[in-house]
Structure formats: structure tokens, C-alpha cells
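Note sheet for the following structure.
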Amino acid sequence: MAAKTARECALAAIERCRRDGAWSEAALDGILTSAGLDGRDCALATAICSSVLQNTALCDFYISKFCTTRPEKFEPKILDILRMAVCQIVFMDKIPAHAAVSEAVSMAKRHNRRAAPLVNAVLRRISENRASLPEVPGRGTPEYLATRYSHPLWLCRTLCDERGYSFAEAFLAADNAPPPTVAQTNTLRITPHELYEKWRAEGIDAVSDVLPGSFRIRARGGLRRLGSFREGLFYIQDCAARLAVEKASPGPGMRVLDACSAPGGKSFAAAMAMGGAGSILACDIHEKKLKRIAEGAERLGISSMISTRAMDARQPDPALACEFDLTIADVPCSGIGVIRKKPDIRFKSEQELERLPGIQLDIVRALAQTVRPGGRLLYSTCTVLRRENEGVAEAFLTERPEFECEHMQTLFPNTDGTDGFFICVMRKKS
């Protein structure tokens with residue numbers, strides 16, 4: 001069997017996402033590993049796949065303007081091929097348009113020869129008009145935003161209602177921008193300046209991010225190859241997640257419960273803030289995820305203070321009652337704040353997400369019993385929807401007057417330069 005090209009790998013991943021509901025990152029990783037492509041082709045396949053997921057509705061709009069057949073009438077795989085080519089022509093200026101058209105036609109021929117002439121005609125027209133493509137109608141409406149930025153209409157309406165149209169548009173545009181890779185210094189082993197100098201020696205581009213000791217980095221060839229990574233001198237975590245932990249004020253000698261811990265970033269941030277002194281119990285409902293936490297703690301040199309166990313945060317062990325100075329409840333959520341990293345999230349249905357606030361409130365209620373008098377409960381999410389954030393926090397605080405809010409904040413990629421994130425620190429009265 002002939003080796004797969006970058007575009008064929010991207011097509012296979014897109015098809016798996018569309019047909020099976022697979023997560024694009026996992027699907028693409030498996031396909032690229034099997035194909036054995038070099039780094040350059042892997043990057044091309046990843047870029048094409050991401051661009052299609054980020055621009056599906058806008059691609060379909062352009063296709064509909066240069067073809068009498070509605071996009072939904074196309075055979076699904078042919079529509080995938082068309083979307084891939086449109087992304088290359090419109091959004092990826094380093095790829096010659098004629099190459100994108102030619103490759104798409106060849107792929108169409110291999111799949112359905114009769115569709116190839118139509119694919120060729122539509123793409124050539126789009127290519128010829130790439131400098132003057134038709135404007136999406138309805139500017140100033142959620143419908144415009146849904147097409148222009150390829151987000152679900154329900155989300156665009158919700159953001160407009162909660163934050164206003166201009167803010168919603170800026171947020172959606174930020175969702176479609178390339179996500180940064182943010183690294184946090186392991187301050188138990190190295191200073192930020194020393195880490196920066198070590199990266200320079202390793203050929204890593206790094207610039208300071210929004211918190212002291214945090215950096216946006218670019219590493220060609222991946223992070224795991226770096227000596228600084230193997231030595232545990234840094235870990236990957238967005239500044240929003242680290243800030244959430246720091247707002248809860250973990251300190252030396254404290255006992256901390258990280259109840260929904262995987263992949264472990266907040267436990268690691270707490271360990272740094274505690275100066276390596278104290279204990280952290282990192283839990284997750286999925287036992288297989290605990291290995292990753294333990295491996296990260298070992299690499300960072302903090303395994304002596306972090307223990308792991310499987311636990312459903314809605315049913316914590318009664319023996320943990322009033323045992324912790326800080327309990328972290330980073331609950332399952334819609335993930336709307338991290339769409340720029342996980343573009344697939346935009347395809348979740350509103351109905352699928354409606355049950356989340358109830359689950360979130362159940363988790364906070366259950367974990368409240370683990371906080372000792374005078375201790376703190378951190379409620380956090382990686383979404384920006386009020387119903388999952390302020391709605392849940394305020395409902396809990398109304399039910400449980402023994403807790404008082406010390407800090408409540410929502411972060412946004414378009415205003416704060418971080419993931420979209422919600423932070424609520426609540427103190428249990430003595």
C-alpha cells in the first residue's frame with residue numbers, strides 16, 4: 001500500500017472527527033504515527049486539519065457562492081476534500097493555490113472520479129477570486145459571527161447576550177488564532193532567568209508571558225527531546241490555570257486536595273507555590289490518568305509531596321472530611337474557553353452541555369465537606385459561560401452561608417492573553 005501524504009493524513013483525521021466524533025488531536029496523532037511522515041509533513045497535516053475545524057462554516061459559505069450545489073448535498077468525503085482545499089487557498093498563503101487545487105482534484109479522483117470535475121471547477125473559481133471573496137452577510141448579528149468565525153449559532157447568541165456583540169466577535173476571533181505554548185518555571189529547581197538562558201543554549205525561542213516565571217515558547221521538534229524538559233525544569237500550563245491556584249493562596253506545610261487533577265497542572269502549580277513543603281492528594285475519576293500525574297511529579301522532583309488516588313469528586317471518601325487547607329475543584333465543563341487549543345469543542349451541541357451546571361454544583365457541594373474551617377475551596381472551569389461559572393458559584397454560596405467568596409474572576413483570550421477561564425475562591429468560615 002502506498003504511503004500516505006500529509007493531505008491524505010489530514011483527510012483521514014477530519015473524516016474520523018466527522019464520522020466518529022473523535023478528538024482531532026488524538027486521531028491525527030495516531031494517523032501520523034502510522035504514516036511515518038517527517039516533521040514538515042506532520043506540521044502540514046496538522047495545520048490543514050486545524051484550519052478545517054476552525055473554518056468549517058466559512059469554507060461552506062465560500063463553496064456555496066461558487067457552486068449551485070449546496071454543501072450539505074455533497075458526498076461527505078468530497079466536502080471534506082473541498083474544505084481542505086479552500087483552507088489552503090484562503091488561509092494558508094505559503095501553499096500555492098494551484099497546488100491545493102491539483103491535490104484536491106487528485107484526491108477526489110481516487111475517491112469518486114465523477115466528482116473530480118466539479119471539485120476542480122469550484123476550487124478554480126475560488127482561487128481566481130481569492131483576493132475578492134464575497135462578504136458574509138448580516139454583520140452585527142450572531143448569524144454573521146457563526147458563519148464568519150465558524151462557531152455554533154447558540155454560542156454566538158449566548159456570548160452576544162452575556163458580553164455584547166463587539167466583545168463576542170473579539171473572543172471568537174481569538175479562538176481562531178494559533179494557541180501559544182506556555183511553560184511555567186519549576187522554581188524548586190531553577191530561576192526563570194537561568195531557565196531562559198538554558199533555552200537559548202538549546203535553540204528555543206522564549207518570551208515572557210503574563211505571570212512572572214511563565215514563558216511562551218517555540219520548540220522545533222517537540223519538547224520531550226529537550227534536556228531542560230527531561231531535567232524537569234519546566235512544565236506546560238496556561239497562565240490562567242496557574243493564576244487560579246495562586247489566587248487560592250497555597251502555602252508551605254498545607255494539605256491540598258486536587259479533586260479533578262488530571263493531567264496534574266494545578267497540583268504542580270500548588271507544589272511550586274508551597275515551596276515543595278506540604279502534601280497534595282491528586283485525584284481523578286479515571287484511574288488510568290493517574291499515571292500521567294505521577295510521571296509529571298517524578299520529572300519535576302515533587303513526587304514526595306504528591307500522592308494519587310482514583311476518586312469520583314461527587315462522592316469523596318468520608319474519611320477526607322475537614323482534612324484540607326485547600327480543595328481544588330477544577331470541574332468538568334464545556335471547554336468554551338479553550339477552543340483555540342481544541343477546535344473540536346465548537347461542534348458540541350448545546351443540549352449535550354445543558355446538564356453540566358448540575359454536575360458542577362454536585363461536585364462543589366460534595367467537595368465542600370473536605371475543607372477544614374478556615375480553609376479554602378477553589379472552583380474553576382475552562383469555560384466563559386455564566387451558567388457554568390457565576391451561576392454555579394452563586395448557587396453554592398447561597399446554599400452554604402458558611403462559605404464566603406474571596407475572589408471571583410473570568411479571564412478571556414482576547415483581553416487577558418490567556419485561556420478563557422473562571423476562578424472563584426471561597427473561604428470556609430472558622
Side-chain angles (χ1 to χ4, degrees), residues 23-25 46-47 49-58 91 142 144-184 205-218 235-247 263 265-266 269 330-348 353 356 379-390 407-424:
W23 287 102
S24 60
E25 183 177 2
T46 301
C49 185
S50 294
S51 187
V52 170
L53 294 173
Q54 288 177 342
N55 296 286
T56 296
L58 187 56
F91 307 114
Y144 168 85
L145 297 177
T147 300
R148 173 63 183 82
Y149 299 101
S150 296
H151 282 67
L153 181 57
W154 72 263
L155 176 57
C156 296
R157 285 173 172 162
T158 299
L159 290 171
C160 287
D161 289 344
E162 292 185 356
R163 309 290 174 182
Y165 179 86
S166 296
F167 191 98
E169 181 166 21
F171 175 86
L172 298 171
D175 270 354
N176 285 1
T181 298
V182 180
Q184 306 294 340
D205 297 326
V207 296
S208 295
D209 202 27
V210 298
L211 292 178
S214 65
F215 298 90
R216 294 191 177 202
I217 63 173
R218 289 196 303 170
Y235 62 101
I236 299 302
Q237 183 184 49
D238 189 80
C239 284
R242 179 183 147 197
L243 181 64
V245 174
E246 291 186 353
K247 288 293 184 183
K266 291 181 185 63
D330 186 53
V331 299
C333 69
S334 60
I336 299 301
V338 293
I339 287 178
R340 62 180 181 168
K341 292 178 177 175
K342 299 179 179 180
D344 321 60
I345 287 172
R346 74 188 72 206
F347 299 111
K348 290 183 177 180
L353 304 177
L356 285 172
Y379 174 69
S380 63
T381 74
C382 56
T383 188
V384 298
L385 301 181
R386 291 189 189 278
R387 67 192 184 201
E388 297 181 60
N389 293 345
E390 294 92 338
H407 180 83
M408 190 182 294
Q409 178 181 11
T410 306
L411 301 166
F412 301 90
N414 51 304
T415 57
D416 301 291
T418 67
D419 288 342
F421 213 86
F422 178 72
I423 303 168
C424 182

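Put simply, the side chain of Met408 reaches to within 4.5 Å of the side chain of Phe422, judged on heavy atoms. Residues Tyr149 and Phe171 are not in side-chain contact: their nearest non-hydrogen atoms beyond the backbone lie 4.5 Å or more apart. At least one side-chain heavy atom of Leu155 sits under 4.5 Å from a side-chain heavy atom of Ile339. By the 4.5 Å heavy-atom criterion applied to side chains, Arg387 and Leu356 are not counted as neighbours. Contact of the Phe421 side chain with the Asp416 side chain is not registered, since no non-hydrogen atoms from C-beta on lie closer than 4.5 Å. Considering only heavy atoms from C-beta on, Phe91 stays 4.5 Å or farther from Asn176 through its side chain.
To the nearest 0.5 Å, the span separating CG on Asn55 from CZ on Arg148 amounts to 8.0 Å. Note that CD1 of Ile336 is 9.0 Å distant from OG1 of Thr158, once rounded to the nearest 0.5 Å. Rounded to the nearest 0.5 angstrom, Arg386 CZ and Glu162 CD are separated by 5.5 Å. With rounding to the nearest 0.5 Å, the separation of NZ in Lys341 from CG in Asp238 is 4.0 Å. Taking CG from Leu211 and CD from Gln237, the interatomic distance works out to 9.5 Å, rounded to the nearest 0.5 Å. Atom CG of Leu145 is separated from atom OH of Tyr165 by 4.0 Å, given to the nearest 0.5 angstrom.
Between Leu411 and Ala240, the closest heavy-atom pair is CD1-CB, 3.6 Å. Minimum interatomic distance between Thr418 and Cys239 (heavy atoms only, all atoms of both residues): CG2-CB, 4.2 Å. Shortest non-hydrogen contact noted between Gln54 and Ser150 is O-CB, 3.2 Å. Smallest separation of non-hydrogen atoms from Ile345 and Ser334: CG2-O, 3.3 Å. Pairing each heavy atom of Arg340 with each of Ala174, the nearest pair is CB-O, 3.9 Å. Minimum heavy-atom separation, Leu172 to Leu159: CD2-CD1, 3.9 Å.
In this structure, Arg346 contributes its side chain and Pro343 its backbone to a donor-acceptor pair below 3.5 Å. Checked by atom type and distance alone, the side chain of Thr410 never pairs as donor or acceptor with a backbone atom of Val384 at under 3.5 Å. Proximity of a side-chain donor or acceptor of Asn389 to a complementary backbone N or O of Thr383 within less than 3.5 Å is detected. Between the side chain of Asp419 and the backbone N or O of Cys382 there is no donor-acceptor pair closer than 3.5 Å. Ser50 contributes a side-chain N or O that, together with a main-chain N or O of Thr46, makes up a donor-acceptor pair within less than 3.5 Å.
Enclosure of atom NZ in Lys342 is not indicated, since only 12 or fewer non-hydrogen atoms of other residues, nucleotides or ligands lie within 6.0 angstrom. Other residues, nucleotides and ligands contribute at most 12 non-hydrogen atoms within 6.0 Å of the CD atom of Glu25.
With respect to the salt-bridge test (charged N to carboxylate O, under 4.0 angstrom), the residues Arg242 and Asp209 do not qualify.
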